[in-house]
Amino acid sequence: MAALAHQAQAHPERPPAELPTVDVDAPKRTAKPKPQARRTAQRPVSDALRPRIGATPAATAAAATPPSGTPSAGSGAPHPQGMASEVVISGEEINARPATRPGEVLEAVPGLIVTQHSGEGKANQYFLRGYNLDHGTDLALFVDDVPVNMRTHAHGQGYADLNWLMPETIGRVDVRKGPYFADEGDFASVGSVHIGLVDSVPKAIAQMTAGSFGYRRFFGMDSVHVGDGHLLIAGEAGRYDGPWTTPDDAKKLNGLMRYSQGTATDGFSITGMAYANRWTSTDQVPERAITSGTLGRYDSEDPTDGGKTNRFALSGRIAGTDEAGSWKANAYAVKSQLDLYNNFTYALRDPDNGDQFHQHDDRLMVGANASRTLNGSFAGRPMETTFGIQTRYDDIALALSYTKQRDYLSYVRNDKVGEGSVGLYVENTVRWTDWLRTTVGYRGDYYQTHVYSLYNGSNTGDAAASLGGPKFRMVLGPFYQTEFFVGAGYGMHSNDARGATTTDDPTAPGNRVDSSPLLVRTKGAEVGVRTRIIPGVDSSLSLFMLNQDSEILFSGDAGNTEASRPSRRYGFEFTNHYRPLPWIDVDADLAMAHARFVGDNTDQANAYNDLVLAGATAEVLRGNAPGNYIPNAPSMIASAGITLGEKTGWFGSLRWRYLGSTPLTEDNYFRSTATSVFNGRIGFRDANGWRIQLDVLNLLNTRANQISYGYGSLLPTDQLYQACYGNAPTGVPAQVCQTGVMDRVLHPIEPLTFRVTVAGTF
C-alpha cells in the first residue's frame with residue numbers, strides 16, 4: 001500500500017483549498033461541507049504529497065459494495081499525517097480485496113499479516129514489524145472510536161476479535177505505527193488501526209455468497225433520511241464448515257443500526273451493534289502426527305474444541321468546530337461473552353483425560369474520551385495544540401477450568417476483576433517554515449485494578465501503576481515532491497491484572513510466584529521518506545526500532561504469568577503504489593525486521609541442564625536450549641497486487657501475500673516454513689449496480705500453514721507417552737514427561753476455495 005495520495009484528478013470531490021497546513025492531511029469527502037470545517041487552513045499542501053485516501057476507479061469497480069456515500073461522522077476527524085508509515089485507506093479499497101474472513105481485510109495495512117489458527121469465531125492472530133502480536137497485544141484496534149482490544153482477557157492480553165466486523169460497512173481506515181502519537185495509548189506501541197464506518201449508502205444493497213466447504217453468507221444494507229440525518233441498517237447471516245474433517249459448523253448473526261447527522265468535524269452519530277457466533281474448531285496439530293499418518297492434514301486431535309461468543313455495543317460520538325478550533329467526544333458501552341475450549345498439548349498435563357481447558361470471559365466495558373484543539377500562532381507561525389482525556393473501565397468475570405470433551409473436570413481459577421484507567425495527553429504542532437513542521441507531546445496513563453479470586457484468597461489484591469512519556473515528530477519538506485519524517489517516543493502496554501496480584505501458582509497451590517508489573521514501557525524511533533518523484537508512483541520508506549522492557553504474557557491455559565526478557569527490534573518498511581492507467585492499480589510492499597531478546601535466559605538454561613541430567617532424549621531436548629530468538633517473530637512480510645477495471649463492466653484483481661520463515665523456539669532449532677499465497681477475483685458490474693463476482697482463494701492450492709508453533713506436547717501414540725504412562729512405564733523422570741515431545745505444531749491454510757457473490761442495488 002502506498003502512503004501517498006493518488007493524483008488530484010482522481011479525487012475531484014476534494015478541492016485543494018480544503019487541505020489545511022498544520023494538519024497535513026486529506027479531509028474526508030463530505031456530502032455537505034461546512035465552511036467552519038476548514039478554518040485551520042493556511043495554505044494548500046502539494047497535491048503530490050497528499051496522504052493516500054479514496055479508491056481509484058479500478059478499486060471502486062472491484063469493491064464489494066457500491067460507493068459508500070456520506071463518509072462516517074462517527075469515525076472522527078482525519079488524523080494529522082505525521083509519519084511516512086501512516087496510511088489512510090478507503091472502504092472501497094478495503095473491499096476490493098478477496099479475503100477468507102473479515103479480519104483479513106486489514107492486510108491492506110502495509111506489512112500486516114492477519115491469520116487464524118482456531119475456528120471462525122476466535123480472534124485473529126496478527127504479525128507486524130517483527131512482532132507476533134498474538135490476538136492483539138501491541139496492536140490497538142478501534143471501530144468507530146470504540147476499542148476492540150480486551151484487557152485482562154480470559155484467552156490473552158489485548159484479545160481483539162473482529163469476526164463481527166462487516167467489511168461493507170467500512171468507510172475508511174487510518175493506520176499509524178510506533179509510539180510517537182500522544183493520543184494513542186494502551187496496545188498501540190507497534191501500531192494502531194482506526195476503522196471508521198459509513199453513514200449512508202446511495203442505494204439499498206442485497207448480496208448472497210456461496211462457496212466451497214459449505215460457505216454461505218447473506219448481507220444487506222440500506223439507509224434512509226430521518227430528520228436532518230441518516231439511519232443506516234446493515235446485517236448478515238453466515239455459516240461455514242471449512243475443509244476440516246470435523247466441520248467448523250460456524251453459525252454467525254450480525255447486525256448494525258446507526259443514526260448520524262452532519263460531518264466528521266461537525267456532527268454526531270449513535271451506533272448500536274449486535275453479534276453472536278458459535279463454532280467447532282480444528283486447532284493446530286503436531287507435525288509428527290501428520291507425517292506418520294496418525295492424523296490427516298485437516299484432522300483434529302480433539303474434535304470437541306470450539307466455542308461461542310456474543311457482543312452487544314452502543315456508542316455515540318459528537319464533534320464540532322468553532323472560531324477557536326475544534327473539539328470532539330465519544331462514549332461507549334460494550335457487553336461481551338466468550339466461552340472457548342482448546343486443547344493445545346493433547347495428553348501432556350493429563351494423560352488420562354486429555355489437556356482440554358475452558359476459558360470464560362464475561363465483561364462490561366465502558367469508556368469516554370474527549371479532546372479540544374486550539375488554533376493559534378507562535379512567533380507568527382501557525383500553531384495547533386490539542387488536550388485530551390481518555391477513560392475506560394472493565395468489569396470482568398473470568399474463569400479457567402479443565403474439561404474433557406467440554407465436560408467440566410476441575411477448576412484452575414475463577415476471578416472477578418475491575419480495571420480502570422485514565423489517560424491524559426497534550427500535543428503541540430508548529431509550522432516553523434513552509435518546509436518544517438514539529439509536533440511535541442506528552443502522555444500519562446494511570447491504571448488501577450482490583451482482583452477478587454473466588455478460589456484462592458492469596459491471589460486477591462489491588463494493583464496500581466502509572467507511566468508517562470514524551471512524543472516527538474518532525475516533518476521536512478516537501479522538496480521536489482518528497483517529504484522526510486522523524487519520530488521518537490515512549491509508549492506502553494498493560495499486562496493482565498491477575499498477573500499483577502497473583503502470588504500463588506493456580507496450577508500448583510502452595511508454590512509462590514512473583515507478580516508482574518501492571519504496565520510495561522516501550523520506546524521507539526523512526527525515520528522515513530515519502531515521495532512521488534517518479535511520476536505516477538507513490539513510495540514511502542520507513543526505518544524503525546522498538547525496544548520493550550519485557551514481553552510479559554499472561555498464559556490463559558495455565559492461569560499465571562510468563563515473564564520474558566527485554567526485547568529489541570529494528571527493520572524497514574517499503575511501500576509502493578503505481579497507477580499507469582485509470583483502470584490499473586498496482587501496489588507492492590516489503591517489510592523486514594530483526595528481533596531478538598536482550599540478555600540471558602537463566603531459567604531456560606537451568607531447565608535445559610536439568611533435562612540433560614535427567615537423561616532426556618533428543619526429541620525432548622531439541623528446541624529447549626536457551627537462545628535470544630523471539631518465537632514467531634517474522635523477519636519478512638511482503639505483498640503485491642494488481643486491480644483492473646472501471647466503475648462498470650469487467651473487473652478483476654490478483655493478490656499475493658508472503659510470510660517468511662520464523663523461529664519457533666528461542667534457540668532457533670525449530671522454524672516455520674514460509675507461506676506464499678495467491679488470491680484472485682473476477683467479476684462484472686452493470687450500470688445499475690448489479691454485480692456478480694468469483695473469488696478464488698489460495699489460487700495455486702498451496703500446501704502452506706496459517707501458523708506454526710514450536711513447543712512440547714504428548715500424544716498417546718508417542719513412545720514417550722508409553723514410557724511415562726503406558727502399561728509398563730520405564731521410570732522416566734517427571735520433568736521429562738512434563739516437557740513432552742518438542743515438535744512443530746501447525747494449522748494448515750485452507751486449500752483451493754471458490755466463492756461466488758451475486759449482489760444487487762435497489
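When reading the values below, keep in mind they use all heavy atoms of this one structure, side chains included, and skip hydrogens, waters and symmetry mates.
In this structure, R568 places its CZ atom where only 12 or fewer heavy-atom neighbours from other residues, nucleotides or ligands lie under 6.0 Å away. In R671, the CZ atom is crowded: over 12 heavy atoms of neighbouring residues, nucleotides or ligands sit closer than 6.0 Å. Within 6.0 Å of CD on Q735 lie more than 12 heavy atoms contributed by other residues, nucleotides or ligands. Around CG of D462, the count of heavy atoms belonging to other residues, nucleotides or ligands within 6.0 Å exceeds 12.
Between the side chains of R288 and S713, at least one donor N or O sits under 3.5 Å from an acceptor N or O. For the residue pair E419/T152, the side-chain donor-acceptor check at 3.5 Å is satisfied. For the residue pair S118 / D283, a side-chain donor-acceptor distance below 3.5 Å is found, with atom types taken as modelled. Side-chain contact check for T502 and R413: at least one donor-acceptor pair (N or O, by modelled atom type) lies under 3.5 Å. With no hydrogens or angles considered, a side-chain donor-acceptor pair links N310 and Q337 at under 3.5 Å. Side-chain atoms of S189 and T522 include a donor-acceptor pair closer than 3.5 Å. For the residue pair Y446 / Q448, a side-chain donor-acceptor distance below 3.5 Å is found, with atom types taken as modelled. Side chains of Q356 and R349: a donor-acceptor N/O pair is absent below 3.5 angstrom, by distance only. With no hydrogens or angles considered, no side-chain donor-acceptor pair links Q706 and H117 at under 3.5 Å. Side-chain atoms of D302 and T304 form a donor-acceptor pair, as typed in the model, at a separation below 3.5 Å. With hydrogens and angles left out, the side-chain atoms of T345 and D355 include a donor and acceptor closer than 3.5 Å. With 3.5 Å as the limit, one finds a donor-acceptor pair spanning the side chains of N277 and Y275. Under the 3.5 Å distance criterion, with hydrogens and angles disregarded, a donor-acceptor pair is assigned to the side chains of N456 and D504. Looking only at atom types and distance, the side chain of D603 has no donor-acceptor partner in the side chain of N606 under 3.5 Å away. Residues H493 and Q548 have side chains that bring a donor and an acceptor to within less than 3.5 angstrom of each other. Remark: the D186 side chain and the Y447 side chain contain an N/O donor-acceptor pair separated by less than 3.5 Å.
Between H155 and H360, the distance separating the two ring centers is not shorter than 6.0 angstrom.
Partners of E666 under the side-chain hydrogen bond (donor to acceptor under 3.5 Å, both in side chains) rule, at least two apart in sequence or in another chain, are R565, N601.
Screening K471, R176, K177 for a salt bridge (Lys or Arg N to Asp or Glu O under 4.0 Å) with E184, the sole residue that qualifies is R176.
The cationic atom of R622 (NZ for Lys, CZ for Arg) does not lie both less than 6.0 Å from the six-membered ring centre of F670 and within 45° of the ring axis. Taking the ring axis of Y709 as reference, the NZ or CZ atom of R744 does not stay both within 45° of it and closer than 6.0 Å to the ring centre.
Across Y425 and I389, no two heavy atoms sit closer than the pair CE2-N, 4.1 Å. For the residue pair S550 and V520, the shortest heavy atom distance occurs at O-CG1, 3.4 Å. Shortest non-hydrogen contact noted between A465 and L518 is CB-CB, 4.0 Å.
H747 places a side-chain N or O within 3.5 Å of a backbone atom of T282 that can act as its donor or acceptor partner. Of the possible donor and acceptor atoms, none in the side chain of D505 sits under 3.5 Å from a partner among the backbone N and O of N511.
Residues in residues 711-742 take part in these ring-ring contact (aromatic ring centres under 6.0 Å, His included) pairs, two or more places apart or across chains: Y721-Y725.
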